[in-house]
Amino acid sequence: MTGIGRRAEAGADHDRAGSAALSPDLAEDLYENAPCGNLVTLPDGRIAKVNATLLRWLGRTREELVGLRFADLLSVGGRIYHETHLAPLLSMHGEVNGVALELLTADGDRLPVLLTATVREGGDGQEPLTRMTVFDARERRAYERELLRAGKAADEARDRAQRLATTLQRTLLPPVLTAPRGAEVAAHYHHASPDEVGGDFYDLFPLSDDRWGLFLGDVCGKGAEAAAVTSLTRYTLRAAAVYDPDPAAVLDNLNTVLNQEFQGGQPRFCTVVFGVLTPEADGYAATLASGGHPPALLLRADGAADYLRTPEGQLIGILPHANIVTTTAHLGPGDTLLLYTDGLTEARTGTAHDRYEETALLEFATALAPASAPDVIAAVTRLLDDFGEGLDDDAAVLAVGVPRPAGAR
């Protein structure tokens with residue numbers, strides 16, 4: 001047999017198979033036992049034809065449904081939706097797709113379905129018929145309920161995590177700050193994320209002989225581990241200051257503790273500035289020791305602003321013996337000392353996402369000076385809020401100032 005002959009015979013076999021596949025009996029069986037429900041309604045909404053699949057789903061007989069209005073199969077809400085939306089849409093557009101409804105079964109249960117309907121105009125004077133296909137949406141509905149349940153559980157878990165983070169963060173900060181006699185103090189903590197505990201910290205507390213200790217710092221990392229290091233750091237600084245209030249000695253003690261505590265494991269370190277306020281005739285002497293921390297800012301009563309730089313100070317907790325640098329400044333009437341963490345100076349600004357950096361902060365402070373401690377913190381708080389999404393790290397600020405005498409200008 002030639003190749004052409006074989007192809008012709010194969011084509012004939014295919015045609016015979018196709019004819020068998022489209023035989024009336026098979027077509028009717030496909031309609032009756034399709035994996036979806038099929039029904040036809042007349043213009044007045046009465047059911048003219050329904051397949052066996054839908055009958056099984058509803059637990060009804062054909063005699064019960066033929067002649068019944070389709071709307072009578074719907075739940076109360078479904079009937080309202082049918083009259084106000086579904087029927088008008090079919091009348092205007094001739095079709096609807098993927099409409100979610102609930103059909104009532106013989107037992108009174110609700111069967112969630114997705115309905116697609118098309119109006120076919122009859123020819124030769126025949127009335128138009130509406131052909132409907134419904135898909136069993138029980139598994140889809142169960143899936144949607146599971147998604148909602150999982151979403152609700154996730155929201156509750158996130159809320160619990162946020163409450164835990166907020167509570168834990170609160171324990172790492174002093175509930176109130178009491179100002180030294182003849183001074184004023186203010187502080188602010190900006191959380192970059194409500195879901196994580198930050199590593200920034202600050203405190204102000206009395207020492208003997210009218211002296212006061214203060215510190216502000218930033219532990220590397222976030223989360224529970226950073227919180228543990230923050231707690232250890234805060235209590236070590238307080239305890240060391242009672243034993244020996246010399247700022248350099250306090251930070252040296254902290255460096256030793258962190259090295260011993262995390263020896264052989266992942267290093268845990270921080271930047272920190274510790275200071276002692278000592279009363280003088282017209283204010284306070286502030287002695288600050290820095291361990292790799294950004295320099296403090298001094299806003300002067302005459303409107304100037306300067307950094308108290310300690311460029312050689314090293315991170316606390318990295319080396320067995322850290323180099324700690326000390327500086328001293330006088331706080332007179334109208335002067336305010338500002339301590340801050342690098343979340344402030346590393347904030348991204350503008351469309352180019354440049355860092356804010358120390359130069360911009362100095363210009364900000366110069367424009368602000370002279371200002372009281374509460375006014376400085378209020379201004380910095382507004383600045384942090386203005387950064388918006390550009391502030392992707394926590395930021396802590398602490399200000400101590402000596403107010404001007406009443407009536408002084």
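Here the structure is a predicted model, which is why all the values come from computation and not from measurement.
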Where is the tightest heavy-atom contact between [X] and [Y], given as atom of each residue plus distance?
X	Y	answer
V250	A241	CG2-CA, 3.8 Å
G217	H293	CA-CE1, 3.9 Å
W212	P206	CE3-N, 3.5 Å
G182	V402	O-CG1, 3.9 Å
L104	R60	O-NH2, 3.8 Å
V276	L214	N-CD2, 4.0 Å

Query raised in the report: For D246, which residues count as a salt bridge (Lys or Arg N to Asp or Glu O under 4.0 Å) partner, sequence neighbours excluded?
Result: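 Expected list: none.
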Query - Results of salt bridge (Lys or Arg N to Asp or Glu O under 4.0 Å) for E102 - residues two or more places apart only - result: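 With neighbours one apart ignored, the set is R110, R141.
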Which residues pass the side chain to side chain contact (heavy atoms under 4.5 Å, CB included) test with [X], not counting sequence neighbours?
X	result
H85	Y81
N253	T236, A240, V257
T116	N97

Is there a side-chain contact between [X] and [Y] in this structure, where contact means two heavy atoms from C-beta onward sitting under 4.5 Å apart?
X	Y	value
V119	S91	no
D72	R69	yes
V380	L368	no
T233	F201	yes
Y356	L361	yes
R211	P245	yes

Query raised in the report: Given the rule in the side chain to side chain contact (heavy atoms under 4.5 Å, CB included) test, do D385 and H190 qualify, once you have shown the distances and angles that lead to the verdict?
Result: CA-CA 9 Å; D385 292 338; H190 185 101; 3.6 Å; yes
Query raised in the report: Quick one: ring-ring contact (aromatic ring centres under 6.0 Å, His included) pairs with a partner in residues 367-386, sequence neighbours left out?
Result: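 Matches after skipping sequence neighbours: none remain.
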**Report entry** side chain to side chain contact (heavy atoms under 4.5 Å, CB included) evaluation trace for V376 with L297
**Finding:** CA-CA 11 Å; V376 169; L297 256 174; over 6 Å; no
Query raised in the report: Taking the six-membered ring for Trp, are F274 and F205 parallel (under 30°), tilted (30 to 60°) or perpendicular (over 60°)?
Result: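 Judged by the thresholds at 30° and 60°, the geometry between F274 and F205 is tilted.
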Requested in this report: Kindly state whether the ring of F215 and the ring of Y202 have centres lying under 6.0 angstrom apart.
Outcome: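 No, too far apart.
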For [Y], does its backbone N or O pair with a side-chain atom of [X] as donor and acceptor, under 3.5 Å?
X	Y	result
T53	G37	no
D218	T271	no
E64	T61	yes
N255	L319	yes
Y307	E358	yes

Using residues 330-346 as the side-chain source, report each donor-acceptor pair under 3.5 Å to any protein atom, sequence neighbours left out, with the distance given to one decimal.
{"unit_1": "H330", "atom_1": "ND1", "unit_2": "E280", "atom_2": "OE1", "d": "2.5"}
{"unit_1": "H330", "atom_1": "NE2", "unit_2": "D282", "atom_2": "OD1", "d": "3.0"}
{"unit_1": "D335", "atom_1": "OD1", "unit_2": "A301", "atom_2": "N", "d": "2.8"}
{"unit_1": "D335", "atom_1": "OD2", "unit_2": "G332", "atom_2": "N", "d": "2.8"}
{"unit_1": "T336", "atom_1": "OG1", "unit_2": "A371", "atom_2": "O", "d": "2.7"}
{"unit_1": "Y340", "atom_1": "OH", "unit_2": "P295", "atom_2": "O", "d": "2.8"}
{"unit_1": "T341", "atom_1": "OG1", "unit_2": "D200", "atom_2": "OD2", "d": "2.8"}
{"unit_1": "T341", "atom_1": "OG1", "unit_2": "A396", "atom_2": "N", "d": "2.9"}

Report task. Check the pair L103 / L54 against side chain to side chain contact (heavy atoms under 4.5 Å, CB included), numbers first and verdict last. Result -> CA-CA 10 Å; L103 302 182; L54 187 57; 4.1 Å; yes
Can you confirm whether [X] is buried at [atom1], in the sense that more than 12 heavy atoms of other residues, nucleotides or ligands lie under 6.0 Å from that atom?
X	atom1	answer
E389	CD	no
R131	CZ	no
R140	CZ	no

Requested in this report: Keeping to residues at least two apart or across chains, list the side chain to side chain donor-acceptor pair (under 3.5 Å) pairs with something in residues 367-383.
Outcome: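 As it turns out, the side chain to side chain donor-acceptor pair (under 3.5 Å) pairs with a partner in residues 367-383, which skip direct neighbours, are S372-D375.
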Report task. Just grab all the side chain to side chain donor-acceptor pair (under 3.5 Å) pairs involving residues 32-45, residues at least two apart or on different chains. Result ->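 Every side chain to side chain donor-acceptor pair (under 3.5 Å) pair that includes a residue of residues 32-45, provided the two are not neighbours, is D29-N33, E32-R62, N33-R56, N38-T133, D44-R46.
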Query - Among L111, L115, V134, L114, the one residue meeting side-chain contact (heavy atoms from CB on, under 4.5 Å) with L101 - result: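 That would be L115.
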Identify whether the distance between the nearest side-chain nitrogen and carboxylate oxygen of [X] and [Y] falls below 4.0 Å.
X	Y	value
E146	K152	no
D136	R138	yes
D392	R348	yes

**Report entry** Partner set under side-chain hydrogen bond (donor to acceptor under 3.5 Å, both in side chains) for T310, not counting sequence neighbours
**Finding:**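 side-chain hydrogen bond (donor to acceptor under 3.5 Å, both in side chains) list for T310, sorted by chain: S290.
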Query - With E63 via side-chain hydrogen bond (donor to acceptor under 3.5 Å, both in side chains) - residues at least two apart - result: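 Expected list: none.
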Using atom types as modelled, flag every donor-acceptor pair under 3.5 Å from a side chain in residues 320-328 to any protein atom, sequence neighbours excluded.
{"unit_1": "N323", "atom_1": "ND2", "unit_2": "E312", "atom_2": "O", "d": "3.0"}

Report task. Determine, stepwise, if the pair T130 / F70 fulfils side chain to side chain contact (heavy atoms under 4.5 Å, CB included). Result -> CA-CA 11 Å; T130 301; F70 171 72; over 6 Å; no
